[in-house]
Amino acid sequence: MVVLKTEGLTKEYRTGFWRTRVRVLHDLNLAVHQGEVFGYLGPNGAGKTTTLKLLMGLIYPTAGRASILGRDVQDVAVKAQVGFLPENPYFYDYLTGREFLHFYGQLFGIPYRDRRQRIEELLQAVGLSKAAELQLRKYSKGMLQRIGLAQALINDPQVIVLDEPTSGLDPVGRKEVRDLILDLKRRGKSIFFSTHIVPDVEMICDRVGIIVAGRLVRVGTLEELLGSEVEGIEITASGFDEAVGSQIAQWSVRPPVQHGDTVFFAVRTEKEASQVMEFLLGRGASVHAVHPKRRTLEDLFLQEVAKT
Amino acid sequence: MVCYLMSKISAITLNTFKEAVRDRILYAILAFAIAMIGSTFILATIGVGSGPKIIRDIGLGFISIFGTLIAVFIGIGLVHKEIDRRTIYTIVSKPIHRFQFILGKYLGLILTLFVNVTIMTWALMGLIFIGEGFWDFRLLAASGMILLELMVVTGIAVLFSAFSTPALSAIFTLSFFAIGRLLDDLRLFGEHYAGPVGRAVIRTFYYLLPNLGRFNVSAEVVHGVPLGEVVSGMTILYGSLYVVALLALTSLIFQNRDFR
């Protein structure tokens with residue numbers, strides 16, 4: 001079941017003195033399915049935030065439409081089923097963490113008793129129970145991101161839209177956010193999140209869309225995008241003389257990299273790898289590692305960005 | 001349904017009120033205002049025989065001035081700040097209509113003004129009580145009309161705040177305030193000295209712009225005019241309709257804007 005859909009979604013802004021039209025999003029067609037984590041990957045300025053703003057009804061499309069759970073995103077009622085965390089959020093810093101969550105709970109019309117219980121659960125889930133009475137101006141960036149996530153989940157939404165949720169966090173904070181997203185997925189939620197951090201997408205996403213310069217250039221599962229083909233074999237070896245070294249340089253598909261006594265190089269096929277290993281071992285060299293190199297999402301991402 | 005809509009508006013109203021009362025600047029303005037009201041006591045000693053009138057007249061003047069300062073300087077940032085700091089993103093993405101947001105923000109500032117005007121009025125009444133030995137409750141009628149004027153001024157500030165920068169909003173709002181206060185004089189001037197075109201222009205402005213002079217009943221209150229004549233139902237209706245029109249226009253502008 002499709003929970004989030006865009007059809008021909010296009011956005012133009014008017015800028016400058018002459019109000020020139022600048023198209024920042026081109027004919028976006030996208031679908032997110034029930035229970036999946038969809039990573040919306042793109043470099044800075046690619047149109048990720050514009051897409052998310054269109055989905056949240058913060059800006060209006062120039063053409064096309066977007067729907068969530070089968071209803072147009074401009075329909076206020078649909079927002080009761082949606083959770084949203086904006087990029088680098090600024091919150092009402094004069095409120096305490098608990099007051100902040102109560103405020104957003106009220107905007108969903110959640111009765112006080114239910115709200116109180118839900119807030120305790122969320123504070124626990126994001127690890128802010130002890131900071132609940134602190135004003136947000138005293139929160140660190142990581143804490144703000146976590147309380148932001150809590151407000152996005154206050155209504156126990158079916159669809160969760162997160163704009164760069166791991167951006168600016170330290171490795172521990174990033175892992176916590178990833179774990180939280182996976183936990184939401186386990187509970188049957190559908191998550192659409194934008195990022196420019198490739199490893200985050202590789203680690204938790206079921207499907208990926210790559211947006212570059214306002215156009216969706218790729219979309220699919222990691223397997224569909226990257227395939228399972230081996231692009232080459234990487235070998236790490238040491239303990240050989242200069243003559244063997246120059247032979248390696250001829251075989252390697254890229255210039256070998258040397259660290260001390262150890263050399264890293266790559267050959268094209270498994271057959272070539274077997275021949276090289278036999279050659280090296282026959283000359284008394286040590287082979288430390290041999291592993292197939294598959295195309296990574298980062299390779300694909302950089303390749304798509306380079307095309308523009 | 002109305003209850004459901006109102007609960008969301010009241011959440012924003014209370015949040016706006018909390019923001020204002022947790023800002024130290026408001027306390028500084030209020031303390032200064034009360035100090036100025038207190039200073040009328042000194043002025044009253046200079047005015048031979050007319051001391052009580054001076055205290056009331058200047059005291060109400062200070063309530064109006066400081067109320068206007070709060071209305072303008074909080075009002076101009078009321079919506080703009082939410083957009084500038086991007087807090088609006090987490091509000092508009094919730095199941096809330098944009099007009100509810102505008103209404104909630106507006107009422108939050110009106111609540112702030114109500115509390116401030118009430119404190120200042122009671123401070124003035126307390127001062128009179130010390131000097132004259134009785135509570136002059138007629139001042140409540142005058143401050144009620146000041147509050148109504150402030151509601152219109154806040155409506156203007158919020159309107160500009162929905163599409164303009166705070167600096168421009170301040171200039172526009174203060175200009176409207178000044179013109180609004182002088183509108184009757186302006187019309188009188190037009191009727192006597194302007195040509196037919198000038199008269200038509202001035203008359204258009206007269207009916208279009210808020211006639212804030214209507215809310216200024218301090219002189220009548222000070223000089224003992226009966227309250228029934230001072231507080232007119234038509235003036236209250238005029239102020240209320242003007243506020244509704246301003247909020248409707250603000251909501252319309254806000255409804256159609258992109259939050260980039």
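For clarity, every value in this text was computed on a predicted model and none was experimentally measured. Every chain is numbered from 1, with letters handed out A, B, ... down the list of sequences. We use all heavy atoms of the structure for the numbers below, so side chains are in, but hydrogens, waters and symmetry mates are not.
For the atom pair A/Asp93 CG and B/Glu19 CD, the distance stands at 8.5 Å (nearest 0.5 Å). Atoms OH and NZ, on B/Tyr89 and A/Lys53 in that order, are 3.0 Å from each other to the nearest 0.5 Å. Rounded to the nearest 0.5 Å, atoms OG (B/Ser93) and CG (A/Asp163) are 11.5 Å apart. Here the CD1 atom belonging to B/Ile9 is positioned 13.0 Å from the CD atom belonging to A/Gln106, to the nearest 0.5 angstrom. We find the OH-CZ distance between A/Tyr92 and B/Arg22 to be 13.5 Å, quoted to the nearest 0.5 Å. Rounded to the nearest 0.5 Å, atoms CG (B/Asp23) and OH (A/Tyr94) are 10.0 Å apart.
Between chain A and the residues B/Thr90, B/Ile96, B/Asn15, the largest count of heavy-atom pairs under 4.5 Å involves B/Asn15. Annotation: maximal heavy-atom pairing with chain A below 4.5 Å, among B/Arg86, B/Arg98, B/Arg257, occurs at B/Arg98. Residue with the most contacts toward chain B among A/His102, A/Gln135, A/Glu99: A/Glu99 (heavy-atom pairs, distance under 4.5 Å).
Within a 6.0 Å radius of CG in B/Leu69, other residues, nucleotides and ligands contribute more than 12 heavy atoms. Under a cut-off of 6.0 angstrom, the local environment of NZ in A/Lys141 is crowded, with over 12 non-hydrogen atoms contributed by other residues, nucleotides or ligands. Surrounding OH of B/Tyr238 are more than 12 heavy atoms belonging to other residues, nucleotides or ligands, all under 6.0 Å away. More than 12 non-hydrogen atoms from other residues, nucleotides or ligands lie less than 6.0 angstrom from CD of A/Glu120. Heavy-atom contacts from other residues, nucleotides or ligands closer than 6.0 Å to NZ of A/Lys189 number more than 12. Within a 6.0 Å radius of CZ in A/Arg215, other residues, nucleotides and ligands contribute 12 heavy atoms or fewer. Within 6.0 Å of atom CZ in B/Arg24, 12 or fewer heavy atoms from other residues, nucleotides or ligands are found, so the atom counts as exposed in its surroundings. A 6.0 Å sphere centred on OH of A/Tyr60 holds more than 12 heavy atoms belonging to other residues, nucleotides or ligands.
For chain A, the nearby parts of B/Arg260 are the backbone and the side chain; heavy atoms of each come within less than 4.5 Å. A/Gln81 does not touch chain B: none of its heavy atoms, backbone or side chain, sits under 4.5 Å away. Residue contact with chain A, scored on non-hydrogen atoms closer than 4.5 Å, involves the backbone of B/Ile88 exclusively. With a threshold of 4.5 angstrom between heavy atoms, A/Leu55 does not approach chain B through any atom at all.
Taking all atoms of both residues into account, the shortest heavy-atom contact from B/Lys94 to A/Tyr104 is CE-CD2, 3.5 Å.
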message: Show, in sequence, the C-alpha distance, side-chain angles and deciding distance for A/Met56 and B/Val92, and conclude whether the side chain to side chain contact (heavy atoms under 4.5 Å, CB included) test is met.
response: CA-CA 8 Å; A/Met56 290 298 106; B/Val92 174; over 6 Å; no
message: Working note: B/Lys18 + A/Phe103, criterion side chain to side chain contact (heavy atoms under 4.5 Å, CB included); need CA distance, chi angles, decisive distance, verdict.
response: CA-CA 11 Å; B/Lys18 264 184 203 167; A/Phe103 171 60; over 6 Å; no
message: Does A/Leu107 form a side chain to side chain contact (heavy atoms under 4.5 Å, CB included) with B/Ile91? I'd like the steps, not just the answer.
response: CA-CA 8 Å; A/Leu107 295 185; B/Ile91 304 288; 3.8 Å; yes
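Using a 4.5 Å cut-off on side-chain heavy atoms (C-beta onward), A/Tyr13 and B/Asp258 make contact.
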